[in-house]
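Note sheet for the following structure.
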Amino acid sequence: MERSPLSENERRVLAQMEHALRQDRHFALRMGDHVPVQRPRRRGLPEAMGSGRGLVLLCLLSLALMITGIATAHTPVTVAFAAVWTATLALAAVWLFARSARRRRR
């Protein structure tokens with residue numbers, strides 16, 4: 001049996017049907033296709049903390065305050081360094097804990 005080529009209208013309708021089927025996650029799972037996982041938005045920590053950028057910024061701020069505190073020997077700068085460094089360590093612990101929890105869920 002010989003196949004005839006599809007008309008332009010039939011190709012367009014077929015493409016629309018394929019697109020609609022690809023959007024149906026349940027159908028794709030039943031057919032054995034890989035469905036990308038949609039991750040929920042992070043709650044609690046700022047979005048910048050998710051990738052560690054916020055933590056890097058806090059480390060740089062701590063370093064700058066430490067150098068300034070050593071160079072000037074001003075008490076307020078030293079106290080500010082101590083506060084920022086403590087916050088940096090606390091956020092680093094939270095970030096590492098959250099990261100390891102995400103890896104365990106996978």
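These values consider heavy atoms only, across backbone and side chains, with no hydrogens, waters or symmetry-generated copies.
Partners of Leu63 under the side chain to side chain contact (heavy atoms under 4.5 Å, CB included) rule, at least two apart in sequence or in another chain, are Met66, Ile67. With sequence neighbours left out, the salt bridge (Lys or Arg N to Asp or Glu O under 4.0 Å) criterion links Glu10 to no other residue. In terms of the salt bridge (Lys or Arg N to Asp or Glu O under 4.0 Å) criterion, Arg12 has no residue partners (sequence neighbours excluded).
Cluster annotation: Leu60 is not connected to Ile70 through the hydrophobic network of ILVMFWY side chains, with a link wherever side-chain heavy atoms come within less than 4.5 Å. When hydrophobic clusters are built by joining Ile, Leu, Val, Met, Phe, Trp and Tyr residues whose side-chain heavy atoms come closer than 4.5 Å, directly or via intermediates, Leu61 is not grouped with Val56.
Side-chain contacts under 4.5 Å among hydrophobic residues (ILVMFWY), followed directly or transitively, place Leu6 together with Leu14.
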Name the atoms and distances for all side-chain donor-acceptor pairs under 3.5 Å in residues 76-89, with sequence neighbours left out.
unit_1 : atom_1 : unit_2 : atom_2 : d
Thr78  : OG1    : His74  : O      : 3.1
Thr86  : OG1    : Ala82  : O      : 2.7
Thr88  : OG1    : Ser62  : OG     : 3.2
Thr88  : OG1    : Val84  : O      : 2.7

